[in-house]
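Here's the structure, in structure tokens; my notes come after.
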Amino acid sequence: MSLSHGRPYLAIPGPSVIPDVVLQAMHRASPNIYEGELHAVTQSLIPDLKSVAMTDHHVAIYIGNGHAAWEAALSNVIAPGDTVLVLATGRFGIGWGEMATGLGASVETIDHGAQSPIDLGRLEEHLNADKAGRIKAILAVHVDTSTSVKSDIAGVRAVLDRTGHNALLMADCIASLGCDRFEMDAWGVDVMVSACQKGLMTPAGISFVFFNDKADAAQPAKVSRYWDWRPRKDPAVYYQYFAGTAPTHHLYGLRAALDLVKSEGLDAVFARHAKIAQTVWAAIETWGTAGPMALNVADPAHRSHAVTSIAMGSAVGQQLRAWTEEKCGLTLGIGLGRDPEEAYFRIGHMGHVSGHMMMGALGAIDAGLKALNIPHGRGALEAASEVIASA
Ligand SMILES: *Cc1c(COP(=O)(O)O)cnc(C)c1O
């Protein structure tokens with residue numbers, strides 16, 4: 001017997017749940033791309049994107065996923081032979097570094113493993129050792145989605161200032177934008193990359209590079225014509241926003257998504273994500289009191305509010321994922337980048353996620369643990385409901 005008929009729930013760390021108003025905004029005939037409403041919609045996105053990123057600087061919009069934003073950002077900063085320092089806290093930091101290598105950069109990596117945030121002391125030592133100032137940019141992932149580790153990006157800026165190092169600070173906020181508090185200008189971030197399919201609740205397909213004048217001034221002499229952020233930040237003609245045809249329907253979808261963020265209020269959005277994350281943690285901690293389940297990140301201060309990585313100790317993580325999907329219509333995230341992947345799973349709780357949705361997801365997991373005879377502590381739903389009640 002399957003209880004999966006009904007609305008499916010994709011609780012993975014991106015793509016996230018798409019709100020009905022976003023889907024409805026996209027369900028339309030192709031709009032005029034030469035003039036009119038689409039131009040006004042695009043113009044209206046710019047200030048709202050900047051306010052979500054908490055920046056007064058520039059934003060370039062690209063047609064592509066997060067990997068496209070990675071390459072776009074690097075292409076505007078790095079020339080072959082330049083040195084970058086990657087602060088890896090999981091698979092995504094490593095991946096961004098691999099892309100820099102592919103573009104001809106010389107990549108140094110401080111690898112923090114899969115459970116720990118950026119170590120500011122190690123960073124300070126590394127920068128102090130770079131007397132010649134070879135490092136042109138630091139690549140830091142705010143929330144690494146593979147591990148659910150959150151790092152202190154303002155702290156990275158403080159180390160740069162303390163050591164007097166001039167490297168650009170580049171942050172990946174693909175998983176955190178609109179979920180975990182991030183303040184681009186106040187935290188001294190020079191370049192930030194993000195995408196629309198996680199906290200911004202729009203189908204994958206557009207991504208963003210935010211950058212300040214310091215980063216713009218550091219642009220190498222030769223930049224890929226397609227990735228160049230300059231025509232996109234101040235386009236003389238509309239097509240330059242996108243270097244070709246506009247991603248018409250995505251723009252309407254993103255407009256509706258940003259309206260949701262605006263009407264809830266960014267602080268309320270962050271507070272909701274924090275509460276939902278605490279609900280998830282309370283359940284997992286209770287399940288873990290008897291049995292193999294454990295939160296990947298020990299210190300709550302270093303845990304993402306958008307995604308939670310859970311260790312299961314053996315391949316039962318994969319069995320649980322299969323069970324919740326087949327029997328309850330709940331799809332959980334794979335243990336991406338972990339060894340072995342089957343021993344981990346992730347719950348995405350980014351974007352359009354309410355208290356009842358998360359209680360439902362946790363209920364499906366609780367049922368799966370029982371059905372599969374995976375040892376677990378009792379009372380997880382009770383603990384989760386106490387957190388929701390305290391809101
Ligand atoms: C999802 C994600 C990416 C990759 O984005 P894609 O759209 O899948 O290319 C990169 N970094 C982080 C932190 C992410 O969460």
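Atoms within a ligand are numbered from 1 in the order they appear, just like the ligands themselves.
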Those atoms of ligand 1 less than 4.0 Å from some heavy atom in [X]:
X: Gln197; answer: 6 (P), 7 (O)
X: Ala175; answer: 15 (O)
X: Thr145; answer: 12 (C), 13 (C), 14 (C), 15 (O)
X: Trp70; answer: 10 (C), 11 (N)

Geometric N/O contact His67 with ligand 1, under 3.5 angstrom: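 Among all N and O atoms of His67, at least one is under 3.5 Å from an N or O of ligand 1.
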Regarding ligand 1, does Val143 bring an N or O atom to under 3.5 Å of one of the ligand's N or O atoms? no
Determine whether the side chains of Lys150 and Thr89 contain a donor N or O and an acceptor N or O closer than 3.5 Å. no
Using distance alone, with no hydrogens and no angle criterion, decide if Ser146 and Asp144 have a side-chain donor and acceptor under 3.5 Å apart.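 Looking only at side-chain atoms, Asp144 and Ser146 do form a donor-acceptor pair, the distance falling under 3.5 Å.
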Taking ILVMFWY side chains as joined if any heavy atoms are under 4.5 angstrom apart, and letting links pass through other members, which residues group with Val297? Val149
Trp227/Tyr62 aromatic ring centres below 6.0 Å: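 Close enough - the centres of the two rings lie under 6.0 Å apart.
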Among all the protein's non-hydrogen atoms, which is closest to [atom], and how far away is it?
atom: atom 2 (C) of ligand 1; value: Lys198 NZ, 2.6 Å
atom: atom 12 (C) of ligand 1; value: Asp172 OD2, 3.4 Å
atom: atom 6 (P) of ligand 1; value: Gly66 N, 3.3 Å

Does Leu169 offer a backbone N or O that forms a donor-acceptor pair with the side chain of Asp190 under 3.5 Å? yes
Between Glu341 and Gly337 (side chain of the first, backbone of the second, donor and acceptor by atom type, cut-off under 3.5 Å), is there such a pair? yes
The salt bridge (Lys or Arg N to Asp or Glu O under 4.0 Å) partners of Arg255 (sequence neighbours excluded) come to Asp48, Asp259
